[in-house]
Amino acid sequence: MGNAGKFLIPAAAAAALFTVSGCSEDKPADEASTASPSELAHYTAAPGSATPTQSPTTSAPAECVKTRDMTVEQLTGYLKELRSGTGEYRSRGLSLDSSGLNFTPEAIQRPCEAVTVKLARYWVDVEKTREATAVTPARYEYEYTLINVTSHKAGPQDGRVPDTAPPGGADCQGTVSVAYLGEDIPLRSLPNDLELTDTTAPVPVEVDGDGVLSAIYVSPVGVESC
């Protein structure tokens, strides 16, 4: 794929260096994806949120935004502007976190019906290419491999979408998860500046693409033995 980028890992994370190597070949969605729509009846309430008073089969709230006839571009723009119930600046009503897709928008401008989004997950395979010396840190390369692409329904009530939690990091292997609409994400659009960290807690990352709604990265562990 030809991603190119170099960066130093902070001293707290062993001052290792990542270099982006050629990525695995992009796989068509019909080959690498599996349809796994999440039914609203299986929705689980988000921690600290009020118990939803509306059944998935009942009518939508009186004040809501009709999304059924929106184009992909319109729906993407709407979801990017939909703030979370916390009201925090730049917060989003639909986002990825350690539990997966989290739908907790503010009371106004909520969608009238569930919205369907795609979730792509990738392995971040790490390989050590140079041992550390007294004067230079170890050097690492990484490449992405698509795990799968699935489709999920979120909303209109608050909750976390089942089966969307990010895969955990493992020895020499981290993960990136991307929630998006429209065209599938090419590997070249994934981050080329990932850092090794001393925790496997997911952190937000930037992914290129007009349809990208949210993305998180889980750092690999045990990279000293890669």
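A distance of 6.5 Å separates CG of Leu196 from OH of Tyr140, quoted to the nearest 0.5 Å. The distance from atom CG of Asn102 to atom CG of Asp97, rounded to the nearest 0.5 Å, is 5.0 Å. Note that the CG atom of Asn192 and the OH atom of Tyr144 stand 7.5 Å from one another [nearest 0.5 Å]. With rounding to the nearest 0.5 Å, the separation of CZ in Arg92 from CZ in Arg83 is 12.5 Å. To the nearest 0.5 angstrom, Asn148 atom CG is 5.0 Å from Arg121 atom CZ. From Cys112, atom SG reaches atom CD of Glu63 across 10.5 Å, with rounding to the nearest 0.5 Å.
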Please report, to 0.1 Å, the donor-acceptor pairs under 3.5 Å made by any side chain of residues 174-181, with sequence neighbours excluded.
{"unit_1": "Thr175", "atom_1": "OG1", "unit_2": "Pro167", "atom_2": "O", "d": "2.9"}
{"unit_1": "Tyr180", "atom_1": "OH", "unit_2": "Asp184", "atom_2": "OD1", "d": "2.5"}

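In this structure, Leu96 and Leu119 have side chains that are in contact, with non-hydrogen atoms separated by less than 4.5 Å. Between Asp158 and Pro105, some side-chain heavy-atom pair lies under the 4.5 Å cut-off. Using a 4.5 Å heavy-atom threshold, the side chains of Arg130 and Thr136 count as touching. Looking at Val212 and Ile185, their side chains come closer than 4.5 Å, going by heavy atoms from C-beta outward. Contact check for Leu94 versus Leu101: side-chain heavy atoms found under the 4.5 Å cut-off. For the pair Trp123 and Leu146, the minimum side-chain heavy-atom distance is 4.5 Å or more. Annotation: side chain of Thr145 is in contact with side chain of Asp125 (closest heavy-atom distance under 4.5 Å).
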(Q) Let's go through Leu190 and Tyr122 carefully: what are the C-alpha distance in whole Å and the side-chain angles of both, what is the deciding distance for side chain to side chain contact (heavy atoms under 4.5 Å, CB included) to 0.1 Å, and is it a yes or a no? (A) CA-CA 10 Å; Leu190 299 176; Tyr122 306 85; 3.8 Å; yes
Q: Start with the C-alpha gap between Thr116 and His152, add the side-chain angles, then the distance that decides, and say whether side chain to side chain contact (heavy atoms under 4.5 Å, CB included) holds.
A: CA-CA 5 Å; Thr116 300; His152 302 271; over 6 Å; no
Q. Does the side chain to side chain contact (heavy atoms under 4.5 Å, CB included) test come out yes or no for Val117 and Leu213, once each step is laid out?
A. CA-CA 9 Å; Val117 299; Leu213 301 173; 3.9 Å; yes
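For Thr67, the side chain to side chain contact (heavy atoms under 4.5 Å, CB included) partners are Val65, Met70, Leu75, Tyr78, Pro111, Glu113, Val115, not counting sequence neighbours. In this view, Thr199 satisfies the side-chain hydrogen bond (donor to acceptor under 3.5 Å, both in side chains) rule with no residue, not counting sequence neighbours. Residues that satisfy the side-chain hydrogen bond (donor to acceptor under 3.5 Å, both in side chains) test with Glu131, not counting sequence neighbours, are Lys128.
With hydrogens and angles ignored, the 3.5 Å screen pairs a side-chain donor or acceptor of Lys118 with a backbone N or O of Gly182. Of the possible polar contacts, one joining the Arg110 side chain to the Pro156 backbone as a donor-acceptor pair under 3.5 Å is found. With Ser189 contributing its side chain and Gly209 its backbone, the two residues share no donor-acceptor pair below 3.5 Å.
More than 12 heavy atoms of other residues, nucleotides or ligands shown are found within 6.0 angstrom of CD on Gln74.
Just one residue in the list Val124, Val126, Thr197 forms a side-chain contact (heavy atoms from CB on, under 4.5 Å) with Pro220, and that residue is Val126.
Taken together through direct or relayed side-chain contacts under 4.5 Å among Ile, Leu, Val, Met, Phe, Trp and Tyr, Val218 and Tyr142 form parts of separate hydrophobic clusters. Linking ILVMFWY residues whenever their side-chain heavy atoms come closer than 4.5 Å, directly or via other members, places Val223 and Val203 in the same cluster.
Residue pairs meeting the side-chain hydrogen bond (donor to acceptor under 3.5 Å, both in side chains) criterion with at least one member in residues 200-216, sequence neighbours excluded, do not occur. Applying the disulfide (SG to SG under 2.5 Å) test to pairs two or more places apart or on separate chains, those with a residue in residues 184-226 are Cys172-Cys226.
In terms of heavy atoms, Pro166 sits closest to Pro202 at CG-CG, 4.2 Å.
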